[in-house]
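So the structure is just underneath, and the comments pick up after that.
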Amino acid sequence: MTQTNVYNGAELLIAALKKNNVKNIYGLVGIPVTDWARMAQEKGLDYYGFRREDSAVNAAAAAGYLNGEPGVALTVSAPGFLNGLVALAEATKNCFPMIMLSGSSERPIIDLDRGDYEGLDQYNVAKPLVKAAYRIDRPEDVALGIARAVRTAVSGRPGGVYVDIPGQMLGETLESDLPIEDLVYAPVDSSPAVVPSDAAIDRAVELLKSAKHPLAIIGKGAAYAQAENEVKDFIETTKIPFLPMSMAKGVLPDTHESSAAAARSLSLGGADVVLLLGARLNWLLSNGGKPFSPDAQFIQIDIDGTEMDSNRPIQAPIVGDLKSALTKLNLAVKTAGIQAPADWLTAINDKKTANAEKMAKAMSTADTKYPMGFYGVLKPIKDLIAANPDTYLVSEGANTLDIGRNVIDIFQPRHRLDTGTWGVMGIGMGYAAGVAVETGKPVIALEGDSAFGFDAMDIETICRYNLPVIVVVINNGGIYKGTSHSTAVEVDRPDPTKLDIDAHYDMLATAFGGDGYFVEKPDEFKDALQKAYAAGKPAIINVKIDPNMGAESGHIGNLNPDIRDKSNN
């Protein structure tokens, strides 16, 4: 006699996630998903509970970026969903594969706007902001819904997927004589290779042959694609100088002889042929305008053909995944014998040497300067990562992010995560926690004092799970800097950009069982950093620096126009 089994939607959802190699869920529980999270943990999924949904979703996004498989986040309905949606939209813009599951209200009440508890049409709210959105209304559709979400998140250009889980569905049942493992499945070849045409490769080779001043720009798409071996082969074959975008640092070590990072302006302005490797001509590259020459010609490798010509004509578009495209291109450039011209390399190396001398001079007093500046904090971190290259760096802030990008070398791929395509603050604790969980390696979260405030409460999450995260807060007492920008003669309230220079952010760590350090001098910081790293437990090092240090909006002050002096008042 055949035994009939009865499974509810909650059980099927867990089985489907496990079938798709999901191991960790990052979330924040409440109605209607509290018991589901408990059940998931009991059935072998590791659940990490956060204090805000956006941090949980950021942790899942970091997991997707590191692993090339969708990270999974869980939120409650309506307000929780909305808190997580910002980070999910950011993951989509960053091309990080992830899935956000959110409990939601009953459809009959939502669709007629009858006023349910935390009622919101989450599915339709999410759709314009993510790669795709799906709603699973019946237990029998769970396997299909999760399989579609996984394939969508990783295929083509990766991104964020929203999956709506009505609370009612979790309790509904499905009868079957099959074991639950046979009712769920993982999609076959969910992220197939996209091999470019021979004609596209030939166009690129012809353009490289004509180049007098070639330049390669490596984007985080190359890091995500795990194409570091193919990139290395191309650069070392052709000797073409390269510039890494911030999250592509480490695809090739920043100390690589072909890195042109120390001659960035010359390289961008002087290049006549630019090869984009997983990089987009968005605002981070001035939308293809200055400092690029108006006569520069472009080769772009991207898995999404719609990215071509997004800001200026692409003379040699190569539509394909990075590994497949570079495999073909590498063979072609070797056959053609392409080499970067010697005079171009000499000009870049001369500029690198001159700029390195300037940087060395600026850094030479960092160990003694008081009050401290940014270099006094960044130099010890630079030295620590050089000695321990498997350390991960997460960074956010304006000046902290910008100056740190130029100072701190990264040696391994996918070891630097930051604010990404949107430049969004508040990613620090979520990314750091996700990286620590997924890798088990030490993480330094380098934070501006303003940026840290966006998600500081999730230091409790980091402490609760005893993750090896050191949070370094560079405290200059303000957004950008701690001095007043106001032109008013008398001001009875703090300037809009002013924060507390005497804040003890370090006490947040000690409040939750971590280690806290408050430092003001370079030798104090070096000592605290070494102690915290050796301890391997959660820590905050609060570094008080000169409040005069910092520029308005970091390196992009031009995007924040000064209108006060143009007023007619």
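Any value given below was found using the heavy atoms of this structure, including those in side chains, with hydrogens, waters and symmetry copies removed.
A salt bridge does not link Lys526 to Asp523: none of the charged nitrogens lies less than 4.0 Å from a carboxylate oxygen. We find that Arg52 and Asp455 are not joined by a salt bridge, their nearest charged nitrogen and carboxylate oxygen being 4.0 Å or further apart.
Taking the six-membered ring wherever Trp is involved, the centroid distance between the rings of Tyr162 and Phe81 falls below 6.0 Å.
Using the six-membered ring where Trp is involved, Phe452 and Tyr505 have ring planes that are perpendicular, over 60° apart on the 30 and 60° scheme.
The shortest non-hydrogen separation linking Met247 to Ala223 is O-CB, 3.9 Å. What you find for Phe242 and Pro253 is that their closest heavy atoms are CZ-O, 4.2 Å. Closest heavy-atom contact between Ala263 and Lys352: CB-CG, 3.9 Å.
Side chain of Asp546 to main chain of Gly373: no donor-acceptor pair is present (N/O by atom type, distance under 3.5 Å, no hydrogens or angles). Using a distance-only test at 3.5 Å, with no hydrogens or angles considered, no donor-acceptor pair links the side chain of Asp54 to the main chain of Asn83. Between the side chain of Glu460 and the main chain of Phe512, no donor-acceptor pair closer than 3.5 Å is present. Under a 3.5 Å cut-off, the side chain of Glu396 and the backbone N or O of Gly428 do form a donor-acceptor pair.
Applying side chain to side chain donor-acceptor pair (under 3.5 Å) to Ser104 and the options Asp164, Thr75, Asp121 leaves one that passes, Asp164.
You'll find the side chain of Leu66 reaches within 4.5 Å of the side chain of Tyr392, heavy atoms only.
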